[in-house]
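Working notes, beginning with the structure itself.
Note that the structure is a prediction, hence the values are computed from the model and not measured.
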Amino acid sequence: MTDPSRPTATTAAPTERSPAGDGTATDRDTLTDTGTDTDRTDYTADLPAAYAACEEITRREARNFSYGIRLLPTPKRAALSAVYALARRIDDIGDGDFDPPGGAVAVSFAQKAAALAGVRASVQAMREQTPDPFDPVLVGVTDAARRYPIPLGAFEELVDGVEADARMDHAAEQLGEAARPHATFDDMTVYCRQVAGSVGRLCLGIFGSRPDEHAAEYADRLGIALQQTNILRDIREDLRNGRVYLPTEELARFGTELRLDAAGALDDPDGALAAYIRFAADRARGWYAEGLKLLPLLDRRSAACAGAMAGIYRRLLEDIAADPRSVYAQRRSLSGAQKIGVALRALAGRTA
């Protein structure tokens with residue numbers, strides 16, 4: 001998961017050839033406002049370049065999702081890359097991985113809030129078909145939303161979740177210890193729906209599906225399952241950054257207190273944390289089971305894309321459940337070969 005903005009967009013009618021064309025990909029530095037309007041690209045007049053910039057961001061940043069996105073036909077791949085690029089931008093703001101005005105080294109809560117407000121304004125501009133013409137990501141998403149029923153409001157839900165992260169960071173700074181905003185699993189689920197269920201629904205807008213009143217619900221649940229996996233994988237990393245996403249009520253019930261030992265690893269002398277992780281992983285399996293009901297509603301390539309994305313995270317969940325202590329001192333991940341294997345199985349219609 002760069003920066004936000006906004007005036008006037010026109011576009012050619014969609015075709016089955018790549019919206020990204022053969023345009024040269026734009027690197028991260030060119031996505032910032034570094035010059036006058038006369039020496040910047042008007043992406044509304046060069047949609048292939050806009051999509052190429054979005055696809056470059058996806059190739060560079062989407063370590064897991066890119067394996068699924070590659071399985072889509074070209075027009076959908078370009079559209080989903082644009083959606084990913086904007087979602088990544090929002091996430092980067094929450095993590096402080098952006099350049100605030102003035103080039104300050106430390107990114108404050110106020111700076112993050114201002115940047116997120118800018119994204120909200122950009123979403124409204126996209127609804128009005130008036131994205132910043134010099135911003136390839138906003139131009140790409142606006143064009144994609146003309147071609148597919150993308151629920152742009154889901155980006156605002158994602159902003160809500162990232163704002164919650166920013167508030168958590170601010171609270172941790174004030175307290176001098178990790179913030180713990182989720183008392184119950186229901187609280188955590190609301191957050192997961194904002195930051196990941198929203199992305200599932202954005203993807204569904206591009207995938208399309210056979211008529212089913214539960215399709216959006218399945219996409220939402222699949223996103224929430226992926227986020228639960230992320231949270232279990234990143235317990236140590238989040239704690240080091242002043243964040244605790246796991247519900248305090250459940251941690252107390254299992255008799256575990258999240259803390260680091262002298263070496264900086266998660267401290268679990270009596271195995272209570274490992275027992276909790278196995279419990280949470282088993283619950284996440286149920287969310288995957290519900291979310292994967294989406295796949296039969298999709299066309300073959302879209303089902304393969306969603307199946308690959310879900311399959312990588314579900315395989316990761318199983319690895320963590322089998323060895324909870326493996327996340328105590330490092331960030332678990334699958335190898336490139338394992339991810340390719342999952343993607344190939346998804347293309348063959350297998351999700352296990």
Side-chain angles (χ1 to χ4, degrees), residues 1 61 63-64 88 90-98 106-109 112 158 160-196 223-284 287 313 316-334:
M1 287 319 119
E61 305 290 348
R63 293 177 185 150
N64 290 324
R88 180 78 195 194
I90 296 167
D91 196 53
D92 282 348
I93 292 171
D95 290 338
D97 188 17
F98 74 107
V107 179
S108 68
F109 173 72
K112 290 180 181 180
L158 179 55
D160 289 340
V162 171
E163 277 186 331
D165 281 341
R167 284 193 296 272
M168 192 189 311
D169 294 343
H170 186 58
E173 290 172 8
Q174 301 298 309
L175 293 169
E177 62 182 40
R180 302 164 187 261
H182 304 142
T184 67
F185 178 70
D186 285 346
D187 295 335
M188 192 182 91
T189 301
V190 169
Y191 169 78
C192 291
R193 180 167 285 113
Q194 290 171 333
V195 298
I224 293 171
L226 269 60
Q227 189 62 27
Q228 289 180 61
T229 305
N230 272 340
I231 288 172
L232 293 177
R233 178 194 63 189
D234 296 338
I235 296 172
R236 170 180 170 269
E237 182 179 341
D238 289 333
L239 183 61
R240 287 163 61 96
N241 290 326
R243 298 178 180 182
V244 173
Y245 292 102
L246 298 173
T248 54
E249 179 183 271
E250 292 185 347
L251 291 174
R253 176 155 41 97
F254 275 78
T256 184
E257 174 61 37
L258 294 183
R259 59 181 177 268
L260 301 174
D261 63 20
L266 289 168
D267 190 22
D268 185 26
D270 59 1
L273 177 57
Y276 175 76
I277 290 173
R278 283 190 286 266
F279 158 79
D282 188 56
R283 176 172 56 199
W287 287 81
Y313 280 87
L316 180 60
L317 179 73
E318 294 303 331
D319 287 352
I320 293 170
D323 183 11
R325 292 179 181 274
S326 66
V327 302
Y328 288 9
Q330 63 184 352
R331 195 174 194 260
R332 284 294 301 258
S333 64
L334 302 187

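Note: Leu158 CG to Ile90 CD1 = 4.5 Å, rounded to the nearest 0.5 Å. Glu173 CD to His170 NE2: the interatomic distance, rounded to the nearest 0.5 Å, is 7.0 Å. Separation of atoms CG (Asp97) and CG (Asp91) is listed at 9.5 Å; rounding is to 0.5 Å. Summarising the geometry, atom CG belonging to Leu226 is positioned 8.5 Å from atom CG belonging to Asn64; distances are rounded to the nearest 0.5 Å. Distance CZ/Arg253 to CG/Leu251: 9.5 Å, rounded to 0.5 Å. Here the CG atom belonging to Asp268 is positioned 10.5 Å from the CG atom belonging to Asp261, to the nearest 0.5 angstrom.
Arg278 has its side chain out of reach of Asp282: every pair of non-hydrogen atoms, C-beta onward, lies at least 4.5 Å apart. By the 4.5 Å heavy-atom criterion applied to side chains, Ile224 and Thr189 are counted as neighbours. Two residues are said to be in side-chain contact when any heavy atoms from C-beta on lie closer than 4.5 Å; Leu260 and Asp267 fail this criterion. Annotation: side chain of Met188 is in contact with side chain of Gln228 (closest heavy-atom distance under 4.5 Å). Within the 4.5 Å cutoff, side-chain heavy atoms of Gln227 are placed close to those of Asn230. Asp95 is not listed as a side-chain neighbour of Val162, based on a closest heavy-atom distance of 4.5 Å or more.
Across Arg332 and Ser326, no two heavy atoms sit closer than the pair NH1-OG, 2.6 Å. Minimum heavy-atom separation, Ala284 to Ala225: O-CB, 4.3 Å. The minimum heavy-atom distance linking Ala280 with Leu232 is given by the pair CB-CD2, 3.8 Å. Counting all heavy atoms, side chain and backbone alike, Gly161 lies closest to Val195 at CA-CG1, 3.6 Å.
Using cut-offs of 30° and 60° on the angle between ring planes, the pair Phe254 and Phe279 is tilted.
Heavy-atom neighbours of Arg283 CZ from other residues, nucleotides or ligands within 6.0 Å: above the threshold of 12.
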Throw together a table of side-chain donor-acceptor distances under 3.5 angstrom for residues 177-184, partners on residues two or more places apart or in other chains.
unit_1	atom_1	unit_2	atom_2	d
Arg180	NH2	Glu257	OE2	3.0
His182	ND1	Tyr245	O	2.9
Thr184	OG1	Asp186	N	3.4
Thr184	OG1	Asp187	N	3.2
Thr184	OG1	Asp187	OD2	3.3

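Between the side chain of Asp234 and the backbone N or O of Asp238, no donor-acceptor pair lies under 3.5 Å. With hydrogens and angles disregarded, a donor-acceptor distance shorter than 3.5 Å links the side chain of Lys112 to the backbone of Gly94. The backbone N or O of Gly264 lies less than 3.5 Å from a partner atom in the side chain of Arg236, making a donor-acceptor pair.
Residues forming a side chain to side chain donor-acceptor pair (under 3.5 Å) with Glu163 (at least two apart in sequence, or on another chain): Arg120. Tyr328 meets the ring pair (Phe, Tyr, Trp, His ring centres under 6.0 Å) test with no other residue; sequence neighbours excluded.
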